[in-house]
Amino acid sequence: MYQISFPTKQEAEAAVVEMDSGKTFEDLMNERDLTEKDVDLGLMNKAGFLDQKIADAAFALKEGQASNVVEGQFTNAILFAKEVKPAAVQPIEDVKDELRAVVAQANAADEVEDLFNEVEDARAGGSTFEEIAERFDLELINTPAFDASGNNEAGETVELPVANELTTAVFSTDVGVENDPLEIGRTGHLWYEVKEVTPSRDRELSEVKEAVTADWTANRTGELLEEKAKALIAEVEAGKSLSEIAAAEGLTTTTSQPFTRNGGVQGLSGSAVTAAFSGPKGTAAQVPGNNEDRILLVLTDTTAPAFMTESENAQRINTQLTGALESSLLNQFINQLEQTEGVLVNQAVFNQLTGLDRQ
C-alpha cells in the first residue's frame, strides 16, 4: 500500500483532480520528489493500520486503484493499492506447531500468574521463604554476603540473578522488611529478603596487602613505562630514528599497513590511530598500546584518497547528513506545529505516517 500525505485537505483534493485529468499516482510522487521508499507502507493487514479511516479506505481499493481524499485522524491522504493479496486459510498441518507454541506459551503465562498470586498470598499469611519454597517446589538460594558492587569480601563477583537490579534493591532495604518481587524477563519474578547486614569497615592491611601490592606495582610500572616512552619520543623529535632507538634499547620496529581514520590496523591501538591522524607527515607520538604497553610511532606517509560518491565512506557520510537534516526539519516542523496549534505530536505515529520508521 502506498500513501501520500498532504498538509491540507485542499491540497489533497487538488491532487485528486490532477489524477482525474490523467496523471498517475507515480506522477504525484515525482512532482513531490518522493521515492517508493517514502510512500510505501508495505503489505499490511487491516489491523496493522493505526487509523481506522485509512484502513477502511485502503481495503476498499482494488489492485492498481487510487483512492479519493481520505481524511484520516492525523493526515489527509491519497492511497494507492500497489498489490492486493486475498485472505487465505492456512492448512492446520502448516500452522499446528506455531499454534501449539502459542497455546503452550499462553498456558505457561497463566500458570506463572497463578503461582505468583499464590506465593504473594502465602507471604501475606506470614509464611517464611523456606516454607514457601518447600510448598511450591521453588528453588531457595542463600547467597554469600556481597557488597553494593556484587562482590564478596575477597573482591570476587558473587553469582546473582538479575545482579544489577538485585544489588540495588538489597541496598535500598533492611533486615525484616517485606520487599516487592523483582521482575525477571517478561513473566518471571524474584522474591528476596535481607537476613543480615554487615556494617561497612576499613579492611586490615593483612586482608588487602596482596591486592594493594599488585595494584601499586601495576600503576608504578605504567608510570615508569610512560616516563621512558616520553624520553624516547623526545629523542625522536630531536632527530634520532626509531630504528636507532630500537637498536639501543633492544626493541624491534615494524611498519604498519596503510590504514584509515576509521579502519585502523591490527596491532595499533585506537590511541595510536588517533595520534597518527593528529598531524602531518613526520608526526611522532607515544601512546598506550592494547596490552598495558606503550607504542612509539612516527607517521612516515599520508595519502589523500580520491573522492568517489559511490565509496563506502561517502555513502556513510551522505546517510548521516541526510538523517541529520531530516531530523532537523522534522523537529522544526513539530515545534512550529506545537506553537501554532497548541498540540503535542505523537512521534511514533508521526514516524509511521511519514515512513521514517522504515528508514
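Side-chain atoms are counted along with the backbone in the values below, which use heavy atoms only and exclude waters and symmetry mates. Since this is a predicted model, take the numbers as computed values, not measurements.
Within 6.0 Å of CD on Gln257 lie no more than 12 heavy atoms contributed by other residues, nucleotides or ligands. Other residues, nucleotides and ligands contribute at most 12 non-hydrogen atoms within 6.0 Å of the CD atom of Gln105. Annotation for Glu183: atom CD does not count as buried by contact number, only 12 or fewer foreign heavy atoms lying within 6.0 Å. No more than 12 heavy atoms of other residues, nucleotides or ligands lie within 6.0 Å of CD in Glu159, so this atom counts as exposed by the packing criterion. Counting non-hydrogen atoms of neighbouring residues, nucleotides and ligands closer than 6.0 angstrom, the CD atom of Glu63 exceeds 12 such neighbours. Environment of CD in Glu83: crowded, with over 12 heavy atoms of neighbouring residues, nucleotides or ligands closer than 6.0 Å. Heavy atoms of other residues, nucleotides or ligands lying less than 6.0 angstrom from CG of Asp114 number more than 12.
The nearest pair of heavy atoms linking Asn45 to Phe59 is C-CZ, 3.6 Å. Minimum interatomic distance between Ala81 and Val84 (heavy atoms only, all atoms of both residues): CB-CG2, 4.2 Å. Considering all non-hydrogen atoms of both residues, Leu43 and Lys85 come closest at CD2-CD, 3.6 Å. Nearest approach of Leu299 to Ala276, heavy atoms of both residues: CD2-O, 3.2 Å. Val69 and Lys9 get closest at one heavy-atom pair: CG1-CG, 4.4 Å. Residues Arg32 and Ile4 come closest through the heavy atom pair CD-CG2, 4.2 Å.
Side-chain atoms of Thr187 do not come within 3.5 Å of backbone N or O of Ala109 as any donor-acceptor pair. Checked by atom type and distance alone, the side chain of Glu244 pairs as donor or acceptor with a backbone atom of Ser241 at under 3.5 Å. Put simply, the side chain of Ser328 never gets that close to the backbone of Ala324: no donor and acceptor are under 3.5 Å apart.
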Give the intermediate values and the outcome of side-chain contact (heavy atoms from CB on, under 4.5 Å) for residues Asp97 and Arg100.
-> CA-CA 5 Å; Asp97 291 338; Arg100 186 178 289 113; 3.1 Å; yes

From CA spacing to verdict: side-chain contact (heavy atoms from CB on, under 4.5 Å), Lys228, Glu249 | CA-CA 11 Å; Lys228 181 66 173 179; Glu249 299 292 334; 3.3 Å; yes

Run the numbers on Thr75 and Asp51 for side-chain contact (heavy atoms from CB on, under 4.5 Å), then give the verdict.
-> CA-CA 10 Å; Thr75 186; Asp51 193 320; 6.0 Å; no

May I have the step-by-step check of salt bridge (Lys or Arg N to Asp or Glu O under 4.0 Å) for Glu223 and Arg220, ending in yes or no?
-> CA-CA 5 Å; Glu223 291 173 356; Arg220 186 55 182 157; 3.0 Å; yes

Evaluation steps, side-chain contact (heavy atoms from CB on, under 4.5 Å), between Asn76 and Glu11 = CA-CA 9 Å; Asn76 299 286; Glu11 292 183 45; over 6 Å; no

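Hydrophobic clustering of Ile, Leu, Val, Met, Phe, Trp and Tyr side chains at less than 4.5 Å, counting indirect connections, unites Leu182 with Val194. In terms of hydrophobic clustering, with Ile, Leu, Val, Met, Phe, Trp and Tyr side chains grouped at heavy-atom distances under 4.5 Å, Val158 and Val170 are assigned to a common cluster. Criterion: ILVMFWY side-chain heavy atoms under 4.5 Å apart, direct or through other members. Under it, Leu140 and Tyr192 are not part of a common hydrophobic cluster. Grouping the Ile, Leu, Val, Met, Phe, Trp and Tyr side chains by contacts below 4.5 angstrom, directly or via other members, places Phe277 with Leu268.
In the model, Thr322 has no side-chain atom that pairs as donor or acceptor with a side-chain atom of Glu326 under 3.5 Å. Under the 3.5 Å distance criterion, with hydrogens and angles disregarded, a donor-acceptor pair is assigned to the side chains of Asp27 and Thr24. Looking only at atom types and distance, the side chain of Gln52 has a donor-acceptor partner in the side chain of Asp56 under 3.5 Å away.
Side-chain contact between Glu120 and Asn117 is absent, with no heavy-atom pair separated by less than 4.5 Å. Within the 4.5 Å cutoff, side-chain heavy atoms of Asp20 are placed close to those of Val16. Between Ile78 and Met19 there is a side-chain heavy-atom pair separated by less than 4.5 Å. Side-chain contact check for Glu226 versus Arg294: some heavy-atom pair is nearer than 4.5 Å. Under the 4.5 Å side-chain criterion, counting only non-hydrogen atoms from C-beta, Ile245 is not in contact with Leu251.
A distance of 6.0 Å separates CD1 in Ile295 from CG in Asn290, rounded to the nearest 0.5 Å. Put simply, CG on Asp40 and OG1 on Thr35 are 9.5 Å apart, with the number rounded to the nearest 0.5 Å. Here Glu134 contributes atom CD and Thr128 contributes atom OG1; the two are 9.0 Å apart, rounded to the nearest 0.5 Å. Rounded to the nearest 0.5 angstrom, Phe146 CZ and Asn152 CG are separated by 11.0 Å. Distance check, rounded to the nearest 0.5 Å: CG of Asp137 to CG of Leu115 gives 10.0 Å. Atom CD of Glu111 and atom CD of Glu118 lie 10.5 Å apart (nearest 0.5 Å).
Here the rule is ring pair (Phe, Tyr, Trp, His ring centres under 6.0 Å) with Trp191, and of Phe136, Phe129, Phe116 only Phe116 fits it.
The aromatic rings of Phe80 and Phe25 sit parallel, their planes meeting at an angle under 30°, below the 60° perpendicular limit.
The existence of a salt bridge linking Lys82 and Glu36 is excluded, since no basic side-chain nitrogen approaches an acidic carboxylate oxygen closer than 4.0 Å.
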